[in-house]
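Report on one structure; see the data block that follows.
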Amino acid sequence: MELSAAMRSTGAAREFDGRPVGDDVVYRVLDLARFAPSGGNEQAWHVTVVKDGAIRAAIGRHVLPVWNEYAAQRAAGYRPFAPGADLRWHGAAIDLAAARASDHPSTLVDQLVGAPVLLVVSVRLTALALMDVDLDREHIVGGASIYPFCQNIMLAARDEGLAGVLTTFVVREEPAMRPVLHLPDDHVLAAMIVLGHPVKHVTRLRRRPVEEFTTIDRHDGPVFGGASTDPGA
Ligand SMILES: Cc1cc2nc3c(=O)[nH]c(=O)nc-3n(C[C@H](O)[C@H](O)[C@H](O)COP(=O)(O)O)c2cc1C
């Protein structure tokens with residue numbers, strides 16, 4: 001499909017019809033995704049295609065308490081796991097241990113671990129240039145060498161008529177997932193991506209317009225776009 005159409009319609013899908021997705025399709029998706037950029041072209045990603053039902057179930061068991069933590073923070077009116085005004089994480093405003101223990105079954109978690117394709121994306125942390133590592137705030141730059149690859153997976157899947165969702169719940173359970181996935185010491189979890197034939201294809205994504213997030217010269221400069229754009233450029 002047209003790249004522009006794919007970019008406009010690669011939304012999150014969490015419900016899949018029963019149709020399986022062949023390994024040949026998954027291979028093609030990864031074969032396109034590998035052209036993603038990464039710092040120093042290290043390409044430090046690893047993808048684990050999780051097929052084993054017992055491993056999927058283990059992922060589900062570990063993800064469920066994290067989902068409970070997330071949902072409880074939202075229900076209490078907080079942005080889950082967001083840093084404070086000092087750009088540091090100081091722990092949640094609610095009792096996370098209690099939230100974890102609340103034994104709510106989750107159709108979302110069941111849908112995710114039951115999806116036709118379940119990919120765990122990890123990255124060799126020692127290969128990354130963490131350019132913001134000395135800044136007195138939470139760090140984000142390391143992710144820049146792995147999430148373009150993840151988004152390429154989503155776009156390539158879209159091109160195959162598939163949809164899915166990138167999730168990060170599993171990362172919070174990295175220590176527990178290490179022995180389950182035989183994750184090497186120098187690898188860390190980045191995402192769990194599930195794919196399949198969606199029950200419903202997204203046609204319109206709700207996103208802010210360019211004018212709302214783009215300015216000229218300074219963060220508080222004039223809005224870029226509309227009347228201010230140079231039609232001759
Ligand atoms: C870094 C990241 C983490 C996400 N984690 C989750 C997740 O754990 N569970 C989930 O259901 N969706 C997750 N999502 C999907 C977002 O909820 C989704 O991209 C967003 O709501 C926009 O949805 P739309 O593309 O359908 O409009 C994640 C997306 C990103 C980029």
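Model, not experiment: these values are computed from the prediction. All ligand and atom numbering here is 1-based and tracks the order in the structure.
- Contact of the V194 side chain with the L119 side chain is not registered, since no non-hydrogen atoms from C-beta on lie closer than 4.5 Å.
- Note on ligand 1: R207 sits in its first shell, one or more heavy atoms being nearer than 4.0 Å.
- The nearest protein heavy atom to atom 20 (C) of ligand 1 is not closer than 4.0 Å.
- Close contacts of ligand 1 with F169, meaning ligand atoms under 4.0 Å from a residue heavy atom, involve 7 (C), 8 (O), 9 (N).
- Residue contact check: R14 has heavy atoms under 4.0 Å from atoms 10 (C), 11 (O), 12 (N), 15 (C), 16 (C), 17 (O) of ligand 1.
- When side chains are defined from C-beta on, L162 counts as touching H197, because their heavy atoms get closer than 4.5 Å.
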- Query: Going through the checks in order, is the salt bridge (Lys or Arg N to Asp or Glu O under 4.0 Å) test met by R28 and D159?
  - Reply: CA-CA 10 Å; R28 283 200 300 273; D159 196 40; over 6 Å; no

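- When P80, A12, G164, A13 are checked for heavy-atom proximity to atom 18 (C) of ligand 1, A12 turns out nearest.
- Annotation for ligand 1: atoms under 4.0 Å from non-hydrogen atoms of G11 are 25 (O), 26 (O).
- By the 4.5 Å heavy-atom criterion applied to side chains, M177 and H62 are counted as neighbours.
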Check residues 2-13 and write down every donor-acceptor pair under 3.5 Å in which the side-chain atom is one partner and the other belongs to a residue at least two apart or another chain.
residue: S9; atom: OG; partner: A5; partner atom: O; Å: 2.8
residue: S9; atom: OG; partner: R158; partner atom: NE; Å: 2.9
residue: S9; atom: OG; partner: R158; partner atom: NH2; Å: 3.2
residue: T10; atom: OG1; partner: A6; partner atom: O; Å: 2.6

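- Inter-residue side-chain proximity for M192 and V121 is flagged as unmet; no heavy-atom pair is nearer than 4.5 Å.
- Applying the 4.0 Å criterion to heavy atoms of T168 picks out, from ligand 1, the atoms 3 (C), 5 (N), 8 (O).
- Contact atoms of ligand 1 toward V165: 12 (N), 13 (C), 14 (N), 15 (C) (distance under 4.0 Å to a heavy atom of the residue).
- Chaining together hydrophobic side chains whose heavy atoms lie under 4.5 Å apart leaves M1 on its own.
- Of the heavy atoms in L166, both backbone and side-chain atoms come closer than 4.0 Å to ligand 1.
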